[in-house]
Protein chains: 2
Amino acid sequence: MQRSLSEFPQPAVAVDLALMSVSGARLKVLVLHRTDAESVGGRWALPGGFVHIDMSLDDAVARVLRDKANLDSAYLEQLGTFGALDRDPRGRVISVVYFALTSTAKLRTAMDGKSSLKLADIIVPWEGEQGGPISIANGQGITLDLAFDHDVILGHVVKRLRGKLDYSTIGLELLPPRFTLRDAQEIHEAILGRKLGKPAFRRKLLDRGLIRATGEREAASAFRPAELYERIDRH
Amino acid sequence: MQRSLSEFPQPAVAVDLALMSVSGARLKVLVLHRTDAESVGGRWALPGGFVHIDMSLDDAVARVLRDKANLDSAYLEQLGTFGALDRDPRGRVISVVYFALTSTAKLRTAMDGKSSLKLADIIVPWEGEQGGPISIANGQGITLDLAFDHDVILGHVVKRLRGKLDYSTIGLELLPPRFTLRDAQEIHEAILGRKLGKPAFRRKLLDRGLIRATGEREAASAFRPAELYERIDRH
DNA sequence: CCAAAAGTGTTGCCGTTACACCCATGT
DNA sequence: ACATGGGTGTAACGGCAACACTTTTGG
């Protein structure tokens with residue numbers, strides 16, 4: 001069995017990272033402009049990297065997060081593993097995909113100066129949790145070509161986010177340390193792709209006991225300022 | 001990039017299969033007695049196999065299902081990928097885990113004569129969807145030692161099954177083509193590890209429109225025979 | 001005092017649960 | 001006739017959503 005490690009040609013193992021955020025009421029993903037091989041050059045791809053023999057999968061994702069996205073922490077979750085024979089035209093690569101969630105505030109400072117990175121808009125062509133590939137666009141609505149099977153992978157990410165949104169805390173992972181309830185609602189609406197009722201949303205979030213009012217108010221730009229809330233971290 | 005396939009030592013990629021079933025009101029899993037390496041010999045493990053360079057992940061699972069479990073079809077779903085450095089004492093192996101569901105009727109005929117296979121009882125030491133490793137036992141309540149991290153993996157399988165049970169059709173995958181509503185309830189109770197109310201269960205299942213009454217009755221052993229139902233397969 | 005957005009109280013709907021009952025069958 | 005498990009009706013409960021309302025701020 002140990003022999004099969006060296007005797008036969010092995011598939012390569014990579015991790016790919018879908019780093020998601022919400023800004024301006026839109027769901028976003030961090031993509032990287034590829035210029036390396038002719039077959040993928042000019043397209044956009046999720047940041048990733050190979051899994052070396054002395055790295056655990058967790059090590060490998062942490063490394064991608066740090067080296068490619070310039071972040072040292074984020075909510076991370078394994079999505080699934082993609083292993084079709086022809087998914088990478090340059091060779092046989094099995095990719096273990098994770099997604100990460102952060103606030104755009106943190107993400108924008110991390111991206112500062114890195115010109116090959118872009119925070120693309122996500123365009124979901126289906127409703128609810130139906131599923132299927134999605135596409136991405138720049139701020140002006142121009143579609144950006146995705147490399148490999150990353151359109152399918154991102155479809156799975158959106159499906160997972162929509163499915164877990166109301167029985168988990170993933171919605172809160174996209175918020176900065178302090179936020180208003182309207183911020184939280186905007187994030188939920190961006191992920192689900194539909195409007196929610198204000199009173200229902202407020203109560204559901206508060207009844208779950210995961211957030212706490214700070215007593216402070218947002219810096220009012222106009223009209224009544226909303227109260228700032230923060231997460232209660234159960235250790 | 002293609003060079004990294006050969007220049008550096010690569011982790012090996014395997015698929016492992018958790019073939020689950022319910023019989024006698026207990027959740028079961030198919031395990032294989034390992035005698036190969038000293039470090040794992042004597043223990044029980046999930047059937048698995050390496051992913052060769054010309055096999056997709058789907059090919060690899062199908063092969064394990066056929067060669068190791070002697071089945072040519074079953075409900076299959078990817079669970080996740082496990083890649084800790086020390087999970088296999090014999091070398092660096094990343095394992096993509098799938099679970100499969102079948103009726104015990106089908107499974108028992110497939111296992112016929114294969115003496116290294118055992119259909120072990122699953123012992124869940126936690127309630128609900130809390131999670132954590134589980135253990136397995138033979139019919140007499142004697143614990144069987146699991147190899148590798150398969151105790152943790154099976155914990156994830158049970159958690160996934162419990163989580164998906166009432167918004168998906170996985171419960172029906174464990175039933176033979178024709179079944180009574182009591183059979184279905186028994187399967188749900190075995191997975192959840194708790195009793196359910198009969199009227200509530202009946203109605204929920206029927207209202208979902210996934211099963212149809214056949215008009216026929218079970219072969220009555222005693223008292224009133226129950227009606228036989230079958231799945232409605234949406235193509 | 002007005003406009004606009006924050007935040008709350010009330011009501012009604014719907015799905016689920018619990019309990020009690022009736023039905024069908026073999027002995 | 002009766003014991004036993006199959007199958008159904010009904011009423012109470014609780015979560016969720018819609019609506020209307022009050023409150024607070026800047027101008």
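So you know, we letter chains A, B, ... as the sequences are listed, proteins then strands, and number each from 1. Because only heavy atoms are used, hydrogens play no part in the values below, and waters and symmetry mates are left out as well, while side chains stay in. Note that the coordinates shown come from a computational prediction; the quantities given were computed from them, not determined experimentally.
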Under-4.0 Å side-chain N/O to phosphate OP1/OP2 contact, B:Arg202 with D:dG7: yes

Taking only residues two or more places apart in sequence, or in another chain, which ones meet [X] in a side-chain contact (heavy atoms from CB on, under 4.5 Å)?
X: B:Ala74; result: B:Leu65, B:Ala100, B:Thr102
X: B:Glu230; result: B:Arg178, B:Arg212, B:Thr214
X: B:Ala110; result: B:Asn70, B:Leu71
X: A:Ala105; result: A:Ser103

Between [N] atom [atom2] and [X] atom [atom1], what is the distance in whole Å?
X: B:Glu218; N: D:dG5; atom1: CD; atom2: P; value: 12 Å
X: B:Ile211; N: D:dG7; atom1: CD1; atom2: P; value: 11 Å
X: B:Arg224; N: D:dG6; atom1: CZ; atom2: C1'; value: 4 Å
X: A:Glu227; N: D:dT23; atom1: CD; atom2: P; value: 17 Å

Going 5' to 3' on DNA chain C, which nucleotide is the first and which the last to come under 4.0 Å of a heavy atom in chain A? C:dA4 to C:dT10

Basic-acidic side-chain contact under 4.0 Å: B:Arg224, B:Glu218: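 The answer is no: the pair does not qualify as a salt bridge.
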
Give, ordered by number, those residues of residues 174-201 of chain A having at least one heavy-atom distance below 4.0 Å to an atom of DNA chain D; if nothing qualifies, reply none.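 Hits under 4.0 Å, by residue number: A:Pro199, A:Ala200.
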
Terminal helix-axis angle for the helix from C:dC1-D:dG27 to C:dT27-D:dA1, with five pairs defining each axis and rounding to 10 degrees: 10°

For [X], enumerate each residue passing the ring-ring contact (aromatic ring centres under 6.0 Å, His included) test, keeping only those at least two apart in sequence or located in another chain.
X: A:Phe82; result: A:His156
X: A:Phe179; result: none
X: B:Phe201; result: B:His188

Would you state whether a donor and an acceptor, one from the side chain of B:Arg203 and one from the base of D:dT10, lie under 3.5 Å apart? yes

Establish, from distance only, whether the side-chain atoms of A:Thr81 and B:Thr81 form a donor-acceptor pair under 3.5 Å.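 Short answer, yes.
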
If a pair satisfies salt bridge (charged side-chain N to carboxylate O under 4.0 Å, His left out) and one of its residues is in residues 139-156 of chain A, list it, with sequence neighbours excluded.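 Passing the test, one end in residues 139-156 of chain A: A:Arg87-A:Asp149.
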
Output every pair passing salt bridge (charged side-chain N to carboxylate O under 4.0 Å, His left out) with a member in residues 70-79 of chain B, not counting sequence neighbours, ordered by first then second residue.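 Those involving residues 70-79 of chain B are B:Glu77-B:Arg160, B:Glu77-B:Lys164.
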
